[in-house]
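Worksheet: one structure, shown below.
We name chains A, B, ... by the order of the sequence lines, and we start the count at 1 in each one. Please read all numbers here as calculations on a predicted model, not as lab measurements.
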Amino acid sequence: MLFRTMTVAAAMLALTAPMSAAGGADDDVLVINEDIEITTKAAASPLLDGHLDEVISGWHFRDDDTQAMEMDDFDNPGMIFVDQAIEVWNTAEGSEGKSCADCHGAPEEMAGVRAVYPKWNEDAGEVRTMQMQINSCRTERMGAEAWKYDAAPAINMEALLASVSRGMPVNVATDGPAAETWEKGKEMYYTRYGLLELSCANCHEQNYGNYIRADHLSQGQINAFPAYRLKNAKLNGVHDRFKGCIRDTRAETFSPGSPEFVALELYVASRGNGLDVEGPSVRN
Amino acid sequence: MKLTGLTLAGVLVAGAALANVVSPDEVTFGEYGEVEASLTGSDGDAEKGREIFSEKSQGNCVSCHALAALPDVPFQGEVGPVLDGVGGYRSAAEIRGILVNAKKTFEGTVMPSFYKTSGFTRPGDGYTGKAPSGPIEPILSAQDVEDVVAFLMTLQD
């Protein structure tokens with residue numbers, strides 16, 4: 001297994017012979033299990049107002065070893081949590097005695113779902129993230145308790161649903177009733193928070209490809225979430241990542257699941273429209 | 001915890017020629033964002049400035065700026081310009097102004113303001129992610145700023 005990964009990695013090195021500009025995104029190609037081709041670079045959607053020409057997955061900013069771990073499900077530690085979620089998917093819970101599988105069939109039936117979230121929910125009159133929708137199924141259809149936002153059970157299930165959408169392009173709707181939430185998220189993206197007065201755009205739009213201390217800045221895309229981080233050896237949610245980035249500006253941050261982060265997730269997801277779903281990914 | 005912090009800050013300020021320290025709200029900027037007068041009324045210590053420039057817990061300037069004069073400091077950043085020789089092409093007043101509030105020199109710059117205590121959006125208590133429990137302290141003290149100015153002025157090509 002390891003040998004295969006190394007061979008692929010070596011082959012890729014040869015392919016990228018003319019090294020890309022120092023520090024920028026590399027030119028490697030992401031194929032998972034030698035089967036699922038992932039679009040990791042795409043023309044920027046008009047929603048970006050020309051702020052970026054190309055959108056690029058965070059995978060391109062990680063080192064070769066970290067990249068390789070994502071190229072094979074046996075090497076991707078995030079897949080262990082996907083396996084755990086498959087069990088939960090098939091287990092009845094709550095007062096109704098139902099499992100996810102009872103309503104939805106096999107997880108593969110959900111292919112394409114992750115790609116369009118966050119999404120406006122007409123009945124609820126709100127934009128829902130994947131985790132909000134999962135919790136609505138749990139409380140309303142299963143009579144089970146809601147999972148805590150970005151906690152292990154929720155993030156593992158989100159990873160399962162991401163895994164069956166890998167290789168499908170992110171295509172989040174931002175118009176109609178979602179527009180108001182999207183605008184709110186956009187405003188947050190450009191707000192300079194904290195004592196350091198840094199916005200998401202300052203780091204991920206103006207400075208992607210540059211190093212900030214030891215960290216190689218990516219575009220901060222979320223097509224690859226949940227992300228298994230080598231740093232904390234678990235799956236990390238989008239909102240947890242946002243929380244950390246805002247905290248690092250020496251700001252009073254927001255909480256996972258807050259309306260602010262739901263709006264920011266919708267906006268950031270839309271910035272990645274055209275990139276393929278890639279989660280669970282591996283990051284440092 | 002908080003009490004210790006305050007007490008310590010008190011001692012530090014008292015130690016640094018208290019009478020002459022210009023508070024963040026009292027700093028006067030020139031036309032191009034420069035600050036002529038020393039914030040403490042005296043010269044800084046270049047050796048300490050080197051430390052503040054390099055330490056993550058202090059100025060952490062290296063997170064954005066590379067400097068050949070610091071070969072022992074790993075992982076120097078690329079977000080700001082390389083500062084080799086900056087003391088040769090910038091005056092102390094210019095560097096002081098950039099440190100106090102870089103936005104007065106470079107409009108809209110990514111560089112943070114290190115001697116400022118108001119005008120923030122959701123200021124936090126260090127890196128805790130929480131709101132501050134007391135008055136906001138500038139990221140660097142007046143003495144720290146002067147020490148870093150002194151250090152950068154030693155960088156002459």
Side-chain angles (χ1 to χ4, degrees), chain A residues 20-25 51 61 63 150 184 187-220 239-261 264 284, chain B residues 24 53-67 70 73-82 99-104 106-141 144:
Chain A
S20 52
H51 284 301
F61 300 85
D63 64 31
D150 274 355
K184 204 170 125 194
E187 194 186 315
M188 287 182 73
Y189 195 86
Y190 289 99
T191 298
R192 302 187 64 159
Y193 290 111
L195 297 188
L196 298 182
E197 297 177 285
L198 292 171
S199 68
C200 314
N202 287 149
C203 285
H204 294 297
E205 185 173 278
Q206 284 175 256
N207 277 296
Y208 72 87
N210 285 331
Y211 276 86
I212 185 161
R213 201 83 203 224
D215 290 316
H216 194 195
L217 284 167
S218 71
Q219 288 184 349
H239 292 197
D240 260 339
R241 189 34 127 154
F242 291 169
K243 181 181 166 186
C245 279
I246 294 188
R247 181 199 56 218
D248 286 349
T249 68
R250 300 199 189 197
E252 178 188 1
T253 191
F254 301 91
S255 303
S258 62
E260 288 86 0
F261 276 167
L264 187 60
N284 45 311
Chain B
F53 190 94
S54 315
E55 285 292 324
K56 185 162 193 223
S57 57
Q58 302 185 44
N60 200 16
C61 313
V62 280
S63 66
C64 291
H65 295 285
L67 205 48
L70 299 171
V73 179
F75 306 121
Q76 306 191 357
E78 303 175 321
V79 170
V82 175
L99 274 170
V100 169
N101 184 345
K103 276 124 194 133
K104 303 263 187 193
F106 308 106
E107 203 192 326
T109 186
V110 167
M111 178 159 158
S113 301
F114 288 90
Y115 197 62
K116 184 177 136 169
T117 48
S118 57
F120 299 113
T121 306
R122 294 180 76 89
D125 185 4
Y127 292 107
T128 62
K130 301 206 168 71
S133 46
I136 295 171
E137 297 288 328
I139 299 171
L140 296 180
S141 69
D144 292 340

Q | A/N207 versus chain B, the contacting section by heavy-atom distance below 4.5 Å | A | side chain
Q: Identify which of B/C64, B/G126, B/G119, B/P74 forms the greatest number of heavy-atom pairs closer than 4.5 Å to chain A.
A: B/G126
Q. Taking every heavy-atom pair that is under 4.5 Å apart, which of B/K56, B/K103, B/M111 has the most such pairs with chain A?
A. B/K103
Q) At a heavy-atom separation under 4.5 Å, does A/L195 approach chain B through its side chain, its backbone, both, or neither? A) both
Q: Return yes when atom CD of A/E187 has more than 12 non-hydrogen atoms of other residues, nucleotides or ligands closer than 6.0 Å, and no otherwise.
A: no
Q) Is there a donor-acceptor pair closer than 3.5 Å between any side-chain N or O of A/E252 and the backbone N or O of B/R122? A) no
Q | Exercise: identify the closest heavy-atom pair between B/Y127 and A/R247 | A | O-CD, 3.1 Å
Q.
Which atoms of B/T109 are under 4.5 Å from chain A, going by heavy atoms: the side chain, the backbone, both sets, or neither?
A. backbone
Q. Does NZ belonging to A/K243 count more than 12 external heavy atoms closer than 6.0 Å?
A. no
Q: Give a yes or no on whether B/F75 atom CZ has more than 12 heavy-atom contacts from other residues, nucleotides or ligands under 6.0 Å away.
A: no
Q | Residue, of B/G77, B/P123, B/S113, B/S63, that accumulates the most heavy atom pairs under 4.5 Å with chain A | A | B/S63
Q: Kindly compute the distance separating CD1 (A/I212) from CD (B/E78), expressed to the nearest 0.5 Å.
A: 11.0 Å
Q: Using atom types as modelled and distance alone, determine if a side-chain donor or acceptor of A/R192 lies under 3.5 Å from a backbone N or O of B/G108.
A: yes
Q | Heavy-atom proximity to chain A below 4.5 Å, by part of B/T117 | A | neither
Q: Calculate, to the nearest 0.5 Å, the distance between atoms CZ and CG belonging to B/F114 and A/L196 respectively.
A: 7.0 Å
Q | Exercise: identify the closest heavy-atom pair between A/L217 and B/V79 | A | CD1-CG2, 4.2 Å
**Q.** Rounded distance (nearest 0.5 Å) linking atom CZ of B/F120 with atom CD of A/E197
**A.** 5.0 Å
